[in-house]
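First up is the structure itself, then whatever we jot down about it.
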Amino acid sequence: MYQPIDPEFFRQPVLELAPSLLGQYIVHETPEGLAAARIVETEAYHGPEDRAAHSYNNRRTKRTEIMFGNPGLVYTYQMHTHTLMNVVAGPEGTPHAVLIRGAEPVDGLALMQQRRGEHLRIPDLTNGPGKLSKALGVTMKYYGNRWYEEPLFIAPGPGLGGELMTGPRVGIGNTGEAVHYPWRFYEAGNPFVSKYR
DNA sequence: GGCAAGATTACC
DNA sequence: GTAATCTTGCCT
């Protein structure tokens, strides 16, 4: 049904990988069933030179360690009570990553509703990074996994359904110059794109 | 709009 | 020890 994408896909600069991920599927297979969504919003984090990145100035900790590894690795981390998903970009050894912020459900909608809450409006199931992780059933146990291997993987999708938009990233208000970098990528007009607060 | 939840990490 | 963070949901 869904096939993991070629590992070579991830071997590209983070500012190219971030928009390339738009329109691809993110798929999670569990005993409860399969959930899949088409990615409509991402953000690039440019490791060493990006004050908003966890890996700014090559900061290497137990948490950021994974970003120094191969492109295509799964970088998950906890933000307060939520799990956020990142894709490690190339080249190997540079701590660059793409945050997946929003996606449109295409399979397993009932399962996502079960995980998120039955009476939410549909866009609220997955229009934010923490919401998306919960809807797909992604937890910290996937830290260090590969985005091109089951049961959690990226699959080739139909591409963008609207105009590609760029803009400043969300939630990084205190990072000086980096605040203005237009490294957020999303599909114009899509209701599954997250909102500023 | 305010604020708490509560993992990880930096800095005092 | 204290504060900040790539967020969300509930309260007023």
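Each chain gets a letter, A, B and so on, in the order its sequence line appears, and its residues count up from 1. Scope of the values below: all heavy atoms of this structure, side chains included, with no hydrogens, waters or symmetry mates.
Taking every nucleotide of DNA chain B with any atom under 4.0 Å from a non-hydrogen atom of chain A, the first and last of them, 5' to 3', are B:dA5 to B:dA10. For DNA chain C, the span of nucleotides reached by chain A at under 4.0 Å from its heavy atoms goes, 5' to 3', from C:dT5 to C:dG9.
Of the possible polar contacts, none joining the A:Thr76 side chain to the A:Met85 backbone as a donor-acceptor pair under 3.5 Å is found. Judged purely by atom type and a 3.5 angstrom limit, A:His28 has no side-chain atom pairing as donor or acceptor with the backbone of A:Ala35.
Among pairs with a residue in residues 80-99 of chain A, those fulfilling side chain to side chain donor-acceptor pair (under 3.5 Å) read A:Gln78-A:Thr83, at least two apart in sequence or across chains. The salt bridge (charged side-chain N to carboxylate O under 4.0 Å, His left out) contacts involving residues 138-152 of chain A comprise A:Arg146-A:Glu149, where partners must be two or more places apart or lie in separate chains. Annotation: salt bridge (charged side-chain N to carboxylate O under 4.0 Å, His left out) contacts involving residues 24-46 of chain A, sequence neighbours excluded, comprise A:Arg38-A:Glu104, A:Arg38-A:Glu187, A:Glu41-A:Arg101, A:Glu41-A:Arg184, A:Glu43-A:Arg101.
By the side-chain contact (heavy atoms from CB on, under 4.5 Å) test, A:Ala135 pairs with A:Met112, A:Arg116, A:Thr126, sequence neighbours left out. Remark: A:Ala110 pairs with no residue by the side-chain contact (heavy atoms from CB on, under 4.5 Å) rule, at least two apart or across chains.
For the segment residues 48-74 of chain A, the set of residues with a heavy atom within less than 4.0 Å of an atom of DNA chain C comprises A:Ala52, A:Ala53, A:His54, in numerical order. Proximity of residues 9-26 of chain A to DNA chain B (heavy atom under 4.0 angstrom from any strand atom) is not detected for any residue. In the region residues 110-132 of chain A, proximity to DNA chain C at under 4.0 angstrom, judged on heavy atoms, holds for A:Arg116, A:Gly128, A:Pro129, A:Gly130, A:Lys131. Of the residues in residues 80-104 of chain A, those placing a heavy atom less than 4.0 Å from an atom of DNA chain C are A:His80, A:His82, A:Leu84, A:Asn86, A:Leu99, A:Arg101, in numerical order.
Salt bridge A:Glu8/A:Arg11: present, at least one basic N to carboxylate O contact under 4.0 Å.
Place A:Lys195 and A:Asn174 on DNA chain C by their nearest nucleotides, and A:Asn174 ends up nearer the 5' end.
More than 12 heavy atoms of other residues, nucleotides or ligands lie within 6.0 Å of CD in A:Glu118, so this atom counts as buried by the packing criterion.
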>> Give the dot-bracket line for DNA chain B from 5' end to 3' end: parentheses for intra-strand Watson-Crick or G-U pairs under 3.5 Å, square brackets for crossings, | for inter-strand pairing, dots for unpaired.
In response: |||||.|||||.

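In this structure, A:Arg63 forms no cation-pi arrangement with A:Tyr143, as its terminal cationic atom is not both closer than 6.0 Å to the ring centre and no more than 45° off the ring axis.
A side chain to side chain contact (heavy atoms under 4.5 Å, CB included) with A:Ile154 holds for exactly one of A:Tyr25, A:Trp147, A:Tyr2, A:Tyr148; it is A:Trp147.
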